[in-house]
Amino acid sequence: SDLDKDIFLISDYELNNNETSYTYNTLKHFNNFYHPQELFFLVGSDIFATIETWHKWDKLFELSNFIIVNRPNHPFSKMIKEIPELLREKIVDSKDFIFGMTNKIILTKIKEVPISSTQIRESIKTGFYKDFLDEKVYKYIIENRLYQEV
């Protein structure tokens, strides 16, 4: 629908960038076009738990809000124990988030999807996609050689 086109944009910035795709660099790039309160970085609770290992992790929240979704075997309670204490004050439940807020970690409960990007990459090699990928998405991945060894 037209509404979706206004909310979500697809960018090939990281695909066309010859540098390492650090989240910090990507968010910095998009801050040239949008304000930090307009950007939302969506990530699973399992990956967000490793935030301290990310490049310039402590600067990321100046550039974007983060939407954290629950992942199988990694509830929010576990993730919160694993992230730096200084980030805990940024946490807000999705029902309490108001557009315009900045530097927030928005906990968003979803129906858990029992597959990871690593599993998708593996399934691409074997041609498996029926249960988790839309056929058009799979075709796009194959045609553009995404997730595949060069």
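Positions are given from 1, in the same order as the sequence printed here.
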Show which residues join Tyr22 in its hydrophobic cluster (side-chain heavy-atom contacts under 4.5 Å, direct or indirect), or state none.
none
Are Ile91 and Ile106 connected into the same hydrophobic cluster when the rule is that any two of I, L, V, M, F, W, Y join if their side-chain heavy atoms are below 4.5 Å apart?
no
I need the [X] [atom1] to [Y] [atom2] distance, nearest 0.5 Å.
X	Y	atom1	atom2	result
Met79	Ile105	CE	CD1	6.5 Å
Ile83	Lys78	CD1	NZ	14.0 Å
Leu60	Lys28	CG	NZ	11.0 Å

Just wondering, do [Y] and [X] contact through their side chains at under 4.5 Å, heavy atoms?
X	Y	result
Asn31	Leu39	yes
Ile68	Thr108	no
Ser11	Phe30	yes
Leu107	Ile80	yes
Ile51	Val43	no
Trp54	Ile47	yes

Identify the heavy atoms of [X] and [Y] that sit nearest to each other, and give their distance.
X	Y	answer
Arg71	Gly44	CG-CA, 3.6 Å
Lys81	Arg88	O-NH2, 3.3 Å
Lys109	Asn70	CA-OD1, 3.2 Å
Glu19	Asn25	OE1-ND2, 4.1 Å
Trp57	Glu52	CD1-O, 3.3 Å
Ala49	His74	CB-NE2, 3.6 Å

Suppose we screen for ring pair (Phe, Tyr, Trp, His ring centres under 6.0 Å). Which residues come up paired with Phe99, at least two apart in sequence or across chains?
Phe40, Phe97
Test ring pair (Phe, Tyr, Trp, His ring centres under 6.0 Å) applied to Tyr34 - qualifying residues, sequence neighbours left out:
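Once residues adjacent in sequence are excluded, Tyr34 has no partner under the ring pair (Phe, Tyr, Trp, His ring centres under 6.0 Å) criterion.
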